[in-house]
Amino acid sequence: MHDFIIAEDSELWDIICDGPYIPTEKIGDPLVTMLKTRKEYNDADKKAVAKNFRAKKILVCGIRPDEYNRISACQSAKEIWEALQIAHEGTTQVNQSKIDMLTTKYELFRMKDDGSIQDMHTRFTSIINELHSLGEIIPRNKLVRKILSVLPSSWESK
């Protein structure tokens with residue numbers, strides 16, 4: 001979703017991460033920041049507010065109907081994004097637990113005695129991809145060494 005939004009318009013991603021643009025003006029002495037009424041919006045305000053709605057629309061249109069209830073009370077694209085992140089990725093603590101579990105799986109990974117090389121590759125790739133999706137990236141040279149270390153002795157070069 002993130003890549004789609006950035007390809008669409010990088011300002012939309014800023015709105016999702018930072019929150020909506022709210023047109024304000026400074027008035028009085030001392031200066032006080034006040035919300036503008038819709039009649040007071042200039043062209044730049046109108047364009048920015050439209051981007052707020054567009055960011056929200058992209059997120060809402062990108063979810064399954066059964067997920068709509070999870071975000072229906074959210075007022076901004078930022079709130080929607082945060083609700084979806086928690087629902088799909090979990091909190092930081094949950095993510096760290098997932099990373100720890102997957103790291104242990106990676107460290108204990110072995111080729112099954114009766115398994116094929118394809119089966120081993122599929123299981124290994126699954127672990128690596130899950131780690132990658134959580135932001136934990138293992139360098140390619142470590143991955144190659146790990147694969148070579150788990151091959152059965154019958155695979156040793158002669």
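Computed from a prediction, not measured in an experiment: that's the story for all the values here. Sequence positions, counted from 1, serve as the residue numbers for this chain.
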Can you tell me how far apart [atom1] ([X]) and [atom2] ([Y]) are? Round to the nearest 0.5 Å.
X	Y	atom1	atom2	answer
Ile128	Ile137	CD1	CD1	11.0 Å
Asp18	Lys78	CG	NZ	6.5 Å
Ile80	Ile71	CD1	CD1	4.5 Å
Met111	Asp119	CE	CG	8.0 Å
Asn95	Glu136	CG	CD	11.0 Å
Trp81	Ile15	CH2	CD1	14.5 Å

Given side chains that start at C-beta, do those of Lys36 and Asn42 come closer than 4.5 Å, heavy atoms only? yes
State, yes or no, whether a side-chain contact exists between Asp45 and Glu40 at a heavy-atom distance under 4.5 Å.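 Side-chain contact under 4.5 Å: no.
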Does [X], at its [atom1] atom, have more than 12 non-hydrogen atoms belonging to other residues, nucleotides or ligands within less than 6.0 Å?
X	atom1	value
Lys105	NZ	no
Phe53	CZ	no
Met34	CE	no

Here's one to test your reading of the geometry: is the NZ or CZ of Lys146 within 45 degrees of the ring axis of Tyr106 and under 6.0 Å from its centre? yes
Hey, quick one: are [X] and [Y] part of the same hydrophobic cluster, counting side-chain heavy atoms closer than 4.5 Å, chains of contacts allowed?
X	Y	answer
Leu84	Val94	no
Leu108	Phe124	no
Ile63	Ile86	no
Val49	Ile16	no

Within the distance-only criterion (no hydrogens, no angle test), does the side chain of [X] pair as donor or acceptor with the backbone N or O of [Y] below 3.5 angstrom?
X	Y	result
Thr125	Thr122	no
Asn129	Ser126	no
Glu79	Gln75	yes

Suppose clustering is done on Ile, Leu, Val, Met, Phe, Trp and Tyr with side-chain heavy atoms closer than 4.5 Å. Which residues sit in the same group as Leu35? Ile22
Smallest separation among heavy atoms of Leu102 and Ile127, with atom names: O-CG2, 3.8 Å
Any idea which heavy atoms bring Pro20 and Asn52 closest together, and the distance? CA-OD1, 3.4 Å
Would you call Lys47 and Asp43 a salt bridge, using N to O less than 4.0 angstrom? no
Using the salt bridge (Lys or Arg N to Asp or Glu O under 4.0 Å) criterion, which residues pair with Asp100? Sequence neighbours excluded. none
